[in-house]
Amino acid sequence: MFMETIKEYQKDNFTVIWKPGRCIHAGVCVKTLPEVYNPKATPWIKCDKASVEALKQQIDACPSGALTYREF
Ligand code: SF4
């Protein structure tokens, strides 16, 4: 059975969810918020570097659906 890889990055009660198998490497995330998304760093997503509003706007612009988020 295929199990999709899902990575989660937490910022208070906001979670960025990344599904690497869906990423089409369009680079929208890196261009929009380079302080958050750095493919050469570990972890490559540092969600404490931007506001939740900025993260949401950027995630909504991800063309592939690889990036989503959850709030609770
Ligand atoms: S914006 Fe979405 S599809 Fe583009 S590189 Fe980032 S995660 Fe991948």
Side-chain angles (χ1 to χ4, degrees):
M1 195 177 109
F2 173 72
M3 294 283 289
E4 183 172 28
T5 303
I6 300 175
K7 307 247 185 196
E8 298 197 348
Y9 305 84
Q10 193 78 29
K11 177 187 169 81
D12 301 324
N13 59 355
F14 185 80
T15 307
V16 177
I17 303 159
W18 189 55
K19 298 178 180 152
R22 296 189 192 198
C23 177
I24 55 169
H25 306 286
V28 177
C29 51
V30 180
K31 275 179 217 135
T32 313
L33 291 177
E35 60 279 27
V36 173
Y37 301 95
N38 180 353
K40 296 195 180 97
T42 310
W44 85 281
I45 299 177
K46 294 191 178 65
C47 31
D48 54 338
K49 300 277 188 190
S51 67
V52 167
E53 267 323 297
L55 286 167
K56 277 189 194 170
Q57 271 189 18
Q58 183 285 308
I59 290 167
D60 288 341
C62 171
S64 68
L67 284 170
T68 52
Y69 58 82
R70 178 174 68 227
E71 261 180 310
F72 58 90

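Residues take their numbers from the sequence shown, with the count starting at 1. Ligands are counted one by one from 1 in listed order, and the atoms in each one are counted from 1 as well.
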- Item | Ser64 side chain to Arg22 backbone, donor-acceptor under 3.5 Å | yes

Spacing of [atom1] belonging to [X] relative to [atom2] belonging to [Y], to within rounding of 0.5 Å:
{"X": "Asn13", "Y": "Arg70", "atom1": "CG", "atom2": "CZ", "result": "11.0 Å"}
{"X": "Trp44", "Y": "Cys29", "atom1": "CH2", "atom2": "SG", "result": "4.0 Å"}
{"X": "Leu33", "Y": "Ile59", "atom1": "CG", "atom2": "CD1", "result": "8.5 Å"}

- Message: For Trp18, which part has a heavy atom under 4.0 Å from ligand 1: side chain, backbone, both, or neither?
- Response: side chain

- Thr32-Gln58 side chain donor-acceptor pair, cut-off 3.5 Å: no

- Task: Please check if atom NZ in Lys46 has more than 12 non-hydrogen atoms from other residues, nucleotides or ligands closer than 6.0 Å.
- Result: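 Atom NZ in Lys46 is packed in, count exceeds 12.
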
- Those atoms of ligand 1 less than 4.0 Å from some heavy atom in Gly27: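 Listed by number with element, the hits are 4 (Fe), 5 (S).
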
- Yes or no on ring pair (Phe, Tyr, Trp, His ring centres under 6.0 Å) for Tyr9 and Trp18, after CA distance, side-chain angles and deciding distance? CA-CA 8 Å; Tyr9 305 84; Trp18 189 55; 7.3 Å; no

- What are the protein N/O/S atoms, named by residue and atom, that sit under 2.8 Å from atom 2 (Fe) of ligand 1? Cys62 SG

